[in-house]
Participant: 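One structure is given below, represented as structure tokens, and several questions about it will come after.
A, B, ... follow the sequence lines: proteins, then strands. Residue 1 opens every chain. Treat the numbers as computed from the prediction; the structure is a model and nothing was measured. Atoms considered below: every heavy atom in the structure, side chains included; atoms not considered: hydrogens, waters and symmetry mates.
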Amino acid sequence: MKRQLVALLDKAIRASVATGFLPEAAPPFIEVELTKEPGHGDYASNVAMVLASQVGKNPREIAGVLAEKIDDAEGVLERVEIAGPGFMNFFIREGVLIRYLEEVIRQGDSYGSSELGKGGQVQVEFVSANPTGPLHIGHARGAVVGDVIANILAAVGYRVFREYYINDAGNQMNNLGKSVFLRYRELLGETEEFTDGCYRGDYIRDLAAELLKRDGERYRHMAPGEVIPLLTAYAGNAILDGIKEDLRAFGVVFDLYFRESELYREDGVGRLLQTLQEKGFVYRREEALWFRTTAFGDEKDRVVIRKNGDPTYFAADIAYHRNKFLRGVETVIDVWGADHHGYIPRMSAAVQALGYDKEALKVILVQLVNLLREGKPVAMSTRSGEFVTLREVVDEVGKDAARYNFLMRRSDSHLDFDLELAKRQSNENPVYYVQYAHARICSIIRMAAERGIGMPACGQADLGLLKLPEEVDLIKTITRFPEVVEGAARTLEPHRLTFYLNDLASIFHSYYNKNKVISDDGALTAARLFLVRSVLAVLKNALKMLGVSAPEKM
RNA sequence: GCGCCCAUGGCUCAGCUGGAUAGAGCGUCAGACUACGAAUCUGAAUGUCGGAGGUUCGAAUCCUCCUGGGCGCGCCA
């Protein structure tokens, strides 16, 4: 509906340009929105005012001319009013909105989707936690945000790849192997000193015990330089398997787990450095190799090859990003913890140095999660091993509640996650509010079927009977869905979907409490069943994008 | 010290590239099931949008400064 109005306005503006009323160079962003006040019609636009400031004419005059020029061939509009400083208020002709419901039902599972992305390739990299320990609650938020962004982009017509980057080649991995080794020796009766970089979680002990059971004492007297790489690989793989499993239980599945070590094996890092060298972006200083990121706005240059000859994490990461683009990805979306924000300028510099558009890399920062239980903070630290794992959260509060809770705020704002609240099946937990609406509608449809009332097909119900303000409100909200998805895709803001869902559920619940869907009036029952079924379709499609189930009974 | 993010009712947050009287949820108070599921609904109260300037017909939204919080500033990842 909104799109139709935008199209009408666009045509009207072009017609005005043709008559010379408006100058050529006026390509405004046409905004049309639902009104809050019935007196302002159904939809309103501020284009006239935007144009006014551009061309220096009276906004009301412009609005008048545009209204005049609107060519409403399909007869959508009842009338257009000019109001206030120059708003154009659109009054939709009765019955027009209602027909939209048939479109919703016709589209079914694909209602809300579009082809805006035109099949463009997008890669979303998220989680990417080092396999040095199980995923914890902090990773969970990033996992959901990345996953749902991917879903949303897919819904608007992009080809989306989900990827997890594994830093399996650095210092931290070495510490992991060392930690397992120390625990292993401990099990054999040795007393060991744990240094700062070591991991002390129980899972390290478990891995050591398993190792001992499997391989016996064979590592006991091997030199650390020999044994640690072996144990690093062993522990890294075991932990990664666990991570994959936990993610699956959380509803997150990746297309590819990309190993940093892969880059070295294929000499991706070497070729990258050569490329940068050829472009003149690297130089040597104090025995290290530096990348001139300041050429693209970073505050200082960054080392890519250390004094000791080892490439830095950054060097590998650039090679990885280059690899993404070489594979044909047009837009790369990285989901990072907000504490990595300082890393953005250098990564952006890297992408630009490689010759890609600055806009080709988008970074989503996800703020940390404050984990609470009954309002009290739960202490967390990976090193010490005191943390609540993703798996524990999923097991305790359930996938649906966990995911939904993580999507209720903008990614870049802090989020309190209260375990008790999240698992409480009450009105304090919004996920059930939405799911309940879905289950309720299913229940109505079941009830109708029991009474021998079938679901009307398109054209079988007299939708003109849907005249109540609440019904119109419900229909308007349904028509908003594709716009919400589109907006969420444009801004990469999944939380818009949860807010929308709450809105829709709320309007539905209210309607339900006031009006009977199934009544003695057969025609009205059919019309309302049709309406309610449309709501159901939207709830279902939206929940699917969030990776939250849509139960038929609760 | 420099840089990035944030500041909206008692609490937690929305506010859709500047729009009409700033909205939800929770909490509080008062109500609604012999009617399709009360995990629901109805009603009430609560705001100098951190502060001060500026741009604009119009600012929670954009600019500057200030205050108060979070994070970052490694040849760590």
Side-chain angles (χ1 to χ4, degrees), chain A residues 29 31 33 35-37 39-40 44-46 49-50 52-53 58-59 83-87 89 128-130 132 167 169-173 197 260 286-290 299-300 302-308 310-314 316-317 337-345 365 367-368 375 408-410 412-416 418 421 424-433 435-437 439-448 450-451 480 483-484 486-488 490-491 493 495-496 498-500 502-503 505-506 508-519 525 528-529 532 553-554:
Chain A
F29 178 88
E31 209 171 338
E33 56 182 21
T35 54
K36 292 171 222 157
E37 291 272 331
H40 296 155
S45 178
N46 65 349
M49 291 181 285
V50 174
S53 62
N58 183 316
F87 284 104
N89 291 334
S128 296
N130 296 2
T132 55
N167 302 126
N171 247 329
Q172 299 195 5
M173 289 305 286
E260 181 185 358
E286 291 164 8
E287 297 168 67
L289 200 64
W290 296 72
E299 54 186 29
K300 56 182 165 184
R302 309 289 171 176
V303 170
V304 280
I305 302 285
R306 291 184 257 255
K307 229 187 283 191
N308 68 7
D310 289 345
T312 57
Y313 170 83
F314 180 45
D317 209 11
D339 52 342
H340 288 67
H341 67 80
Y343 195 74
I344 296 176
L365 294 178
Q367 273 294 356
L368 305 185
M408 291 192 315
R409 306 253 178 291
R410 308 170 36 158
D412 62 1
S413 91
H414 290 273
L415 170 69
D416 289 339
D418 194 306
L421 219 67
R424 207 170 290 166
Q425 302 192 0
S426 71
N427 57 354
E428 291 161 273
N429 204 338
V431 64
Y432 298 114
Y433 185 77
Q435 288 184 320
Y436 187 62
R440 221 175 199 182
I441 295 172
C442 290
S443 172
I444 295 169
I445 293 171
R446 274 195 304 271
M447 182 63 67
E450 273 171 31
R451 298 189 191 172
R480 267 176 56 208
E483 297 152 21
V484 171
E486 194 183 318
R490 193 183 65 243
T491 56
E493 291 178 348
H495 74 278
R496 293 192 186 198
T498 51
F499 279 91
Y500 170 75
N502 252 299
D503 249 27
S506 161
F508 165 72
H509 281 311
S510 172
Y511 173 64
Y512 172 91
N513 271 280
K514 226 185 287 180
N515 306 285
K516 302 280 294 173
V517 173
I518 302 169
S519 65
T525 298
R528 289 184 170 173
L529 273 174
V532 146
K553 291 181 182 174
M554 290 173 68

Participant: To the nearest 0.5 Å, how far apart are OG1 in A:Thr525 and CZ in A:Arg451?
Facilitator: 9.0 Å

Participant: Within the structure shown, what part of the strands sits under 4.0 Å from A:Asp418 by heavy-atom distance: base, sugar-phosphate, or nothing?
Facilitator: nothing

Participant: Under the ring pair (Phe, Tyr, Trp, His ring centres under 6.0 Å) test, which residues partner A:Tyr436, sequence neighbours left out?
Facilitator: A:His509

Participant: With distance as the sole test, does A:Thr498 use its side chain to make a donor-acceptor pair with the main-chain N or O of A:His495 at under 3.5 Å?
Facilitator: yes

Participant: Checking A:Thr312 side chain against A:Ile305 main chain: does a donor-acceptor pair fall under 3.5 Å?
Facilitator: no

Participant: Regarding A:Glu31, tell me which of base, sugar-phosphate or nothing describes its non-hydrogen contacts under 4.0 Å with the strands shown.
Facilitator: sugar-phosphate

Participant: How long is the line joining CG of A:Leu421 and P of B:rG25, in whole Å?
Facilitator: 16 Å

Participant: At what distance, to the nearest 0.5 angstrom, does CG of A:Asp339 lie from CG of A:Leu365?
Facilitator: 9.0 Å

Participant: Counting only side-chain N and O atoms of A:Arg410, is one of them less than 4.0 Å from OP1 or OP2 of B:rC5?
Facilitator: no

Participant: Quick one: which protein N/O atoms are closer than 3.5 Å to N/O atoms of nucleotides 74-77 of chain B? Pair and distance per line, please.
Facilitator:
from   : atom 1 : to       : atom 2 : distance (Å)
B:rG74 : OP2    : A:Lys300 : NZ     : 3.2
B:rC75 : O3'    : A:Arg306 : NH1    : 3.3
B:rC75 : O2     : A:Lys307 : N      : 2.8
B:rC75 : N4     : A:Glu286 : O      : 3.2
B:rC76 : OP2    : A:Arg306 : NH1    : 2.8
B:rC76 : O5'    : A:Arg306 : NH1    : 2.8
B:rA77 : OP1    : A:Arg306 : NH2    : 3.1
B:rA77 : OP2    : A:Tyr313 : N      : 3.1
B:rA77 : O4'    : A:Gln172 : NE2    : 3.4
B:rA77 : O2'    : A:Asn130 : ND2    : 2.9

Participant: I'd like to check the side-chain contact (heavy atoms from CB on, under 4.5 Å) partners of A:Asp310; sequence neighbours left out, ordered by chain and number.
Facilitator: A:Arg306, A:Asn308

Participant: A:Phe87 CZ to B:rG58 P: how many Å, rounded?
Facilitator: 13 Å

Participant: Given side chain to side chain donor-acceptor pair (under 3.5 Å), test A:Tyr313 with A:Asn171 step by step and report yes or no.
Facilitator: CA-CA 10 Å; A:Tyr313 170 83; A:Asn171 247 329; over 6 Å; no

Participant: Run the side chain to side chain contact (heavy atoms under 4.5 Å, CB included) check on A:Gln367 and A:Arg409 step by step: do they pass?
Facilitator: CA-CA 10 Å; A:Gln367 273 294 356; A:Arg409 306 253 178 291; over 6 Å; no

Participant: Regarding A:Met554, tell me which of base, sugar-phosphate or nothing describes its non-hydrogen contacts under 4.0 Å with the strands shown.
Facilitator: base

Participant: Any side-chain donor paired with an acceptor under 3.5 Å for A:Gln172 and A:Asn130?
Facilitator: yes

Participant: For the side chain of A:Asn429 and the backbone of A:Tyr432, is there at least one donor-acceptor N/O pair under 3.5 Å apart?
Facilitator: no

Participant: Could you run down the sub-3.5 Å N/O contacts of the protein with nucleotides 8-12 of chain B?
Facilitator:
from   : atom 1 : to       : atom 2 : distance (Å)
B:rU12 : O2'    : A:Arg409 : NE     : 3.4
B:rU12 : O2'    : A:Arg409 : NH2    : 2.2

Participant: Can you check whether A:Arg496 reaches A:Thr491 side chain to side chain, under 4.5 Å on heavy atoms?
Facilitator: yes

Participant: For RNA chain B, whose closest nucleotide is more 5', that of A:His495 or that of A:Ala448?
Facilitator: A:His495

Participant: Closest nucleotide of RNA chain B for A:Leu415 versus for A:Ala44: which of these residues is on the 5' side?
Facilitator: A:Leu415

Participant: Using atom CD of A:Glu299 as one end and atom P of B:rC4 as the other, report the distance to the nearest whole Å.
Facilitator: 9 Å

Participant: What is the distance, to the nearest angstrom, from the CG atom on A:Asn89 to the P atom on B:rG19?
Facilitator: 15 Å

Participant: Please classify the nucleic acid contact of A:Asn58 as base, sugar-phosphate, or nothing, using heavy-atom distances under 4.0 Å.
Facilitator: nothing

Participant: I'd like the P distance from B:rU48 over to B:rG43, given in whole Å.
Facilitator: 25 Å

Participant: Counting the atoms with a prime plus P, OP1 and OP2 as sugar-phosphate, which does A:Ser413 contact under 4.0 Å by heavy atoms, base, sugar-phosphate, or nothing?
Facilitator: sugar-phosphate

Participant: Where do N or O atoms of nucleotides 40-44 of chain B meet protein N or O atoms at under 3.5 Å, pair by pair?
Facilitator:
from   : atom 1 : to       : atom 2 : distance (Å)
B:rU40 : O2'    : A:Arg440 : NH1    : 2.9
B:rU40 : O2'    : A:Asn513 : ND2    : 2.7
B:rC41 : OP1    : A:Tyr433 : OH     : 2.3
B:rC41 : O4'    : A:Asn513 : ND2    : 2.9
B:rU42 : OP1    : A:Ser510 : OG     : 2.9

Participant: Is it the case that the side chain of A:Ser443 and the backbone of A:Ala439 share a donor-acceptor pair, with hydrogens and angles ignored and the cut-off at 3.5 Å?
Facilitator: no

Participant: The side chain of A:Arg446 lies closest to which of these nucleotides: B:rC71, B:rG19, B:rG37?
Facilitator: B:rG37

Participant: For RNA chain B, which consecutive runs of 3 or more Watson-Crick or G-U pairs (each distance under 3.5 Å) count as stems?
Facilitator: B:1-5 with B:69-73, B:10-13 with B:23-26, B:28-32 with B:40-44, B:50-54 with B:62-66

Participant: Answer yes or no: is there a donor N or O on one side and an acceptor on the other, between the side chain of A:Thr35 and the main chain of A:Ala44, under 3.5 Å?
Facilitator: no

Participant: A:Phe499 near the nucleic acid: base, sugar-phosphate alone, or nothing, with a heavy-atom cut-off under 4.0 Å?
Facilitator: sugar-phosphate

Participant: Work out how far the C1' atom of B:rG15 is from that of B:rA24, and round it to whole angstrom.
Facilitator: 10 Å

Participant: Going by atom types only, do A:Tyr511 and A:Arg528 share a side-chain donor-acceptor pair under 3.5 Å?
Facilitator: yes

Participant: Expressed as a whole number of Å, how far does the P atom of B:rG9 sit from that of B:rG51?
Facilitator: 10 Å

Participant: Using the glycosidic torsion, which applies to B:rC33: syn (within 90° of 0) or anti (everything else)?
Facilitator: syn

Participant: Over how many whole Å does the gap from A:Asn429 atom CG to B:rC26 atom C1' extend?
Facilitator: 12 Å

Participant: Calculate the interatomic distance between A:Leu368 atom CG and B:rC6 atom C1'; express it in whole Å.
Facilitator: 13 Å

Participant: Give the rounded distance in Å between these two atoms: CZ of A:Arg490 and P of B:rC16.
Facilitator: 10 Å

Participant: Just how far, in rounded Å, is C1' of B:rA39 from CZ of A:Phe508?
Facilitator: 13 Å

Participant: Looking at A:Met173, is its backbone amide N or carbonyl O close enough to the side chain of A:Thr132 to form a donor-acceptor pair, meaning the two atoms are under 3.5 Å apart?
Facilitator: no

Participant: Would you call A:Glu483 and A:Arg480 a salt bridge, using N to O less than 4.0 angstrom?
Facilitator: no

Participant: Does a side-chain N or O from A:Lys36 land closer than 4.0 Å to OP1 or OP2 of B:rU21, or not?
Facilitator: no

Participant: Between the side-chain atoms of A:His341 and the base atoms of B:rC5, is any donor-acceptor pair under 3.5 Å?
Facilitator: no

Participant: For A:Glu37, report the nucleic acid contact type (base, sugar-phosphate, nothing); a contact means any heavy atom under 4.0 Å.
Facilitator: base

Participant: With heavy atoms under 4.0 Å as the rule, sort A:Ala437 into base, sugar-phosphate or nothing.
Facilitator: nothing

